[in-house]
Amino acid sequence: MRVRFAPSPTGPLHMGGVRTALYNYLLARKNNGSFILRIEDTDQKRFVPGAVEYIREALEWAGIVPDEGYGYGGEYGPYRQSERKEIYDRYIRRLLDEGKAYYAFDTPEELDRIRKEYESRGETFMYNATVRQKMRNSLSLPAEETQRLLAGGAPYTIRFRIPENRKIKVKDLVRGDVEVDASVLDDKVLVKSDGLPTYHLANIVDDHLMGITHVIRGEEWLPSLPLHILLYEAFGWTPPAFAHLPLILKPTGKGKLSKRDGDAGGFPVFPLEWKDPRTGQVSPGYREQGYLPEAFVNMLALLGWNPGTEQEIFSMDELVEAFDLSRINKSGARFDPEKAKWFQHQHFQRLSDEEIWKKIIPVTETHLGRPLTEEEKNYTRQILPLVRERLTFPEDFWKWAGYFYQRPEAYHPKAVKKQWKNQTPQILEEVKDVLATITPWEAGIIKEQLSEWIQNNGLGFGKVLQPLRLALAGDLKGPDLFAMMELLGKEETLERIRLALERLPSAKEQ
Ligand code: GLU
């Protein structure tokens, strides 16, 4: 099995493109085949600088690494179509010689005029068997005229001569049988006036020459399939097997997921952040948002495919094992940004403490604006178990544990209103004295002694512990209060209570 991912470098790779690459990769792995990266850049007008590098970096990040292809070597290169012009020239020559393709001299202006004429009559213009004799091409013009035009350097395109009265039948591995009447196809341009082939010609020639056995690509290419089959036939080649993948739909389920949906919904549609070289506009990426590549890949795998079991969490190896073309859905797959986060949470939780620790060090350093000392790094290691199950992204660590590193500057106003009562300052003054006597400073002992004091004084636990938490963390959310105090240390705990008492309203002011 030889499969390929053949992106056009017209911008950043959309997550749908990554999914196409992933499905190809999984199949290649599963069948001990080869996964090839081919860059389809024959459309010079749409080429965007940086896009090829972006594609490679995105695939590497996601762990969808080609075995062969552009940047990876192999025996079927070059793997970039702009470097294969001579090859295409050779093959188009063959079609021309056999009368299966022809020169067309119609200028863009002429074509435009005719198109408009048709439109004004409410018809659609198609360059096909019925009109080709009326156009300016090597089929309609006398041979000498064609020779004269070519010799004189007149601009031309080369078009495919769609055979007449043909029905094209293909089996798509996802869609089933596809049948099309050739009369609905137009004589597609195979070589443009700049001498470069169009996607259709280059794609077919390359798939054949590179020994591709299975073409797995987006559904948007399904309409081109009959043409591709006719091209294979024209060359006398056996076509590969085809599988067209369902679209990825907007979160509403209506229409194809676009960059605009991401902007509106606040989620990325690109694997990596992308800065448009023309506009300078930056689009967010999954990587930069803190997604793990394994979570991203897992989410994409299930967007259009199902394992036929209840299992949702897969590693790449498990995907390779379970993946199968027969379980690709026919209908579009609705993208759910919340579900993407769920996959991230699941995979993040599967990391070891050590792995998470490595990720939260830089987050903490960024927030503090300085590197952590060795001692602080160890402190971070101790904090982690208290908050780890709340973490979905490395960045969440600061949200849940920032107060371990910095005294609260402010106290959550709603919490103050609810928990800081008239008698609170008095209670906390006493708590401070009780805490000052506790040794050793360990969560279990603090809990025991403080609980005893609360009970002896006939106070409710909430009345004491909630304002205490507020004083220490600035908020009511957080891990076990006693573990928190142990980590903060006695002195820091007492100091934070003192600060809160100074800053928050005393009984007299209320
Ligand atoms: N270059 C095409 C694209 O950008 C590839 C389509 C195909 O896989 O045949 O999607």
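Atoms within a ligand are numbered from 1 in the order they appear, just like the ligands themselves. Remember, it's a predicted structure, so these values are computed and weren't measured experimentally.
- In terms of protein heavy atoms, atom 4 (O) of ligand 1 is closest to S8 OG, 3.1 Å.
- The nearest heavy-atom contact from the protein to atom 8 (O) of ligand 1 is R4 NH1, 2.7 Å.
- Considering only heavy atoms from C-beta on, K339 stays 4.5 Å or farther from L302 through its side chain.
- Because its NZ or CZ atom is not both nearer than 6.0 Å to the ring centre of Y102 and within 45° of the ring axis, R161 does not count as a cation-pi partner of that residue.
- Among all protein heavy atoms, the one lying closest to atom 10 (O) of ligand 1 is W221 NE1, 3.2 Å.
- Inter-residue side-chain proximity for M299 and Y286 is flagged as met; some heavy-atom pair is nearer than 4.5 Å.
- When the heavy atoms of R46, R38, R217 are ranked by distance to atom 7 (C) of ligand 1, first place goes to R217.
- Near N203, with a cut-off below 4.0 Å to any heavy atom, the atoms of ligand 1 are 7 (C), 9 (O).
- Judged by the 6.0 Å and 45° rule, R4 forms no cation-pi pair with Y79.
- The proximity of T20 to ligand 1, defined as any non-hydrogen pair under 4.0 Å, does not occur for either the backbone or the side chain.
- Proximity of P197 to I92: side-chain heavy atoms (C-beta onward) are nowhere separated by under 4.5 Å.
- Between the side chain of R287 and the backbone N or O of E273 there is no donor-acceptor pair closer than 3.5 Å.
- If you look at F323 and Y23, their ring centroids are closer than 6.0 Å.
- Ligand-side atoms of ligand 1 in range of E40: 1 (N), 2 (C), 5 (C), range being under 4.0 angstrom from any heavy atom.
- Inclusion of A6 in the set of residues having an N or O under 3.5 Å from an N or O of ligand 1 is warranted.
- Near Y199, meaning under 4.0 Å from one of its heavy atoms, ligand 1 places the atoms 2 (C), 5 (C), 6 (C), 7 (C), 9 (O).
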